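I have placed the structure first, in the form of structure tokens, so that the comments after it can refer back to it.
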Amino acid sequence: MIYFNGDSHSSGCNLSSIDKAWPVKLAKIMQMPYINHAQAGSCNDRILRSTTNFIIENKSINMIILANSFLSREEIWEKDAEFHNRIHSEEKKLGSKLVTSEFLEQKYGFKKYRKFINLEKQVCDYYHDVYSLTEICKRRDIKYFIFSAASNLLGGGLWDNEVMDFVKNLNTYKELIKDPGFCDVDEFCLVDWATENDQKRNTVTDHLSEDGHNTFATYIHENYIKNLV
């Protein structure tokens, strides 16, 4: 069984049916049953945590495919019910009220809220958490492919270049970039692919069109997944 996780780019929230999302198409290409826990509005904290929690309890998972989100998103425990429709049902069962900072940015204003986010910590935590998950997968003989759906632009003005100098000296990072099951955020992302290959995409959100979901599933299988199975 294949386990998928990610944000709105993988949940199918913009389609007439979630069965038209690229994870479903990819699972059909591979002729394997699947579970898709992608949730619109997710951050990498949720994606990586919920994936780890799920595969520990479910021995039937043979492969995980994660399409990670913006590094600038963080998680906050928020009791305000207006955000809770963006918490995945599996985590609601556990009592989670962890929401992504995107919705607090909408509530309080993006620029005002962004001042309080430690972007550099988000970057460091991301590579550490991904490495930890890959080690769990190896011990459980689970194949994996982890990449970014969002365009993170680590070389852009949001980031302190010194943090990437630090990250690149970490042994966890050095191991990850050699791993065929991991694509670094500047190496490949779904949004960049959509910009070049899906003319019908939503130009505001960069969500794939229905045709784009079909084409992306074939592309990622032929260029990445097929070599890992």
Side-chain angles (χ1 to χ4, degrees), residues 1-7 9-10 23 26 35-39 42-59 61-76 88 90-91 96 98 100-101 117-156 158-192 220 223-229:
M1 181 177 288
I2 310 175
Y3 177 86
F4 296 93
N5 211 335
D7 61 9
H9 292 287
S10 308
L26 178 56
I35 294 173
N36 185 9
H37 279 174
Q39 175 69 51
S42 288
C43 62
N44 295 323
D45 293 330
R46 188 206 75 81
I47 295 167
L48 296 168
R49 182 194 64 251
S50 60
T51 297
T52 301
N53 189 64
F54 191 82
I55 65 175
I56 286 174
E57 293 188 356
N58 292 271
K59 310 301 182 185
I61 303 300
N62 306 111
M63 184 173 195
I64 66 169
I65 300 176
L66 307 185
N68 290 328
S69 192
F70 296 98
L71 291 167
S72 57
R73 289 180 175 179
E74 63 176 353
E75 253 188 340
I76 295 173
H88 195 277
E90 289 298 315
E91 290 207 286
S96 174
L98 285 165
T100 301
S101 59
I117 298 178
N118 188 330
L119 295 173
E120 288 68 40
K121 183 179 185 299
Q122 295 296 104
V123 176
C124 294
D125 285 353
Y126 174 73
Y127 289 103
H128 172 80
D129 293 344
V130 170
Y131 178 78
S132 297
L133 178 57
T134 62
E135 289 299 297
I136 293 173
C137 289
K138 290 172 185 176
R139 291 197 296 270
R140 294 174 176 267
D141 197 26
I142 298 173
K143 304 292 184 182
Y144 55 86
F145 183 61
I146 301 171
F147 69 103
S148 181
S151 182
N152 280 288
L153 301 175
L154 279 180
L158 279 178
W159 315 100
D160 183 341
N161 290 329
E162 287 185 1
V163 72
M164 285 312 300
D165 292 339
F166 167 74
V167 167
K168 290 177 180 179
N169 281 319
L170 296 175
N171 290 327
T172 49
Y173 179 84
K174 293 175 182 178
E175 289 296 311
L176 275 175
I177 60 172
K178 294 187 296 184
D179 190 334
F182 173 73
C183 269
D184 204 356
V185 294
D186 285 340
E187 181 181 349
F188 170 75
C189 77
L190 188 156
V191 167
D192 287 348
I220 199 173
N223 290 275
Y224 296 98
I225 308 300
K226 185 167 66 174
N227 297 328
L228 299 173
V229 178

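Everything numeric in this text was worked out from a predicted model, so none of it was measured. For reference, positions follow the sequence shown, starting with 1.
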(request) Determine whether I56 and R140 make a side-chain contact, defined as any pair of heavy atoms from C-beta on separated by less than 4.5 Å. (result) yes

(message) Side chains of T172 and E175, heavy atoms from C-beta outward: is any pair under 4.5 Å?
(response) no

(request) Taking the six-membered ring for Trp and the single ring otherwise, decide whether the centroids of F188 and Y224 are under 6.0 Å apart. (result) yes

(message) Is any side-chain heavy atom of P180 closer than 4.5 Å to one of L228?
(response) yes

(request) Of all the heavy-atom pairs spanning D7 and A149, show the shortest one and how long it is. (result) OD1-CB, 4.1 Å

(message) If I compare all heavy atoms of I64 with all of C137, which pair ends up nearest, and what's the gap?
(response) CD1-SG, 3.6 Å

(message) Determine whether a donor-acceptor pair (N or O, by modelled atom type, separation under 3.5 Å) exists between the side chain of N58 and the backbone of F54.
(response) yes

(message) Can you give me the closest heavy-atom contact between N36 and H88, atom names plus distance?
(response) O-NE2, 4.2 Å

(message) Any carboxylate oxygen within less than 4.0 angstrom of a Lys/Arg side-chain nitrogen, looking at E74 and K121?
(response) no

(message) So which atom in C189 and which in A150 form the shortest heavy-atom distance, rounded to 0.1 Å?
(response) CB-O, 3.5 Å

(message) Run E120 and V123 through side-chain contact (heavy atoms from CB on, under 4.5 Å) and show every step you take.
(response) CA-CA 5 Å; E120 288 68 40; V123 176; 5.8 Å; no

(request) Taking atom types as modelled, find out whether Y173 and D184 have a side-chain donor-acceptor pair closer than 3.5 angstrom. (result) yes

(message) Do R46 and L98 make a side-chain contact, defined as non-hydrogen atoms from C-beta onward lying under 4.5 Å apart?
(response) no

(message) Is it the case that the side chains of S50 and N5 hold a donor-acceptor pair, with the cut-off being a distance below 3.5 Å and no angle test?
(response) yes

(request) Hey, could you give me the NZ/CD1 distance between K59 and I142, rounded to the nearest 0.5 Å? (result) 8.5 Å

(message) Let me confirm one number: the CG-OG1 distance from D129 to T134, rounded to the nearest 0.5 Å.
(response) 11.0 Å

(request) Take V130 and F182, measure what side-chain contact (heavy atoms from CB on, under 4.5 Å) needs, and give me the verdict at the end. (result) CA-CA 9 Å; V130 170; F182 173 73; 3.8 Å; yes

(message) Quick check: closest heavy atoms across T100 and C43, and the distance to 0.1 Å?
(response) OG1-N, 3.4 Å

(request) Report yes if the side chains of L133 and L66 come closer than 4.5 Å at any heavy-atom pair, otherwise no. (result) yes

(message) Please determine whether the number of non-hydrogen atoms from other residues, nucleotides or ligands lying under 6.0 Å from atom NZ of K138 exceeds 12.
(response) yes

(message) For a 4.5 angstrom cut-off between non-hydrogen side-chain atoms, does F145 reach I220?
(response) yes

(request) Kindly compute the distance separating CZ (F4) from CD1 (I65), expressed to the nearest 0.5 Å. (result) 4.0 Å

(request) Say whether, by atom type as modelled, one donor and one acceptor occur between the side chain of S69 and the main chain of S42 under 3.5 angstrom. (result) yes

(message) Please report the interatomic distance OG(S10) to CD(Q39), rounded to the nearest 0.5 Å.
(response) 11.5 Å

(request) Taking the side chain as every heavy atom from C-beta outward, state whether L176 and Y127 have any pair of such atoms under 4.5 Å apart. (result) yes

(message) Taking atom CG as the centre, does D141 end up with more than 12 heavy-atom neighbours from other residues, nucleotides or ligands that are less than 6.0 angstrom away?
(response) no

(message) Just verifying a value: how many Å separate K174 NZ and N169 CG, rounded to the nearest 0.5 Å?
(response) 5.5 Å

(request) State whether a side-chain donor-acceptor pair under 3.5 Å links Y126 with N68. (result) yes

(message) Distance check, rounded to the nearest 0.5 Å: S148 atom OG versus H9 atom NE2?
(response) 8.5 Å

(message) Checking side-chain polar atoms at under 3.5 Å, does D179 have a donor or acceptor matched by the opposite partner on Y144?
(response) yes

(request) Without swapping roles, check the side chain of T51 against the backbone of L48 for a donor-acceptor pair under 3.5 Å. (result) no

(message) Looking at every non-hydrogen atom in both residues, tell me the closest pair between S151 and D192 and how far apart they are.
(response) OG-OD1, 3.6 Å

(request) Check whether any side-chain heavy atom of I225 sits under 4.5 Å from a side-chain heavy atom of L26, and report yes or no. (result) yes

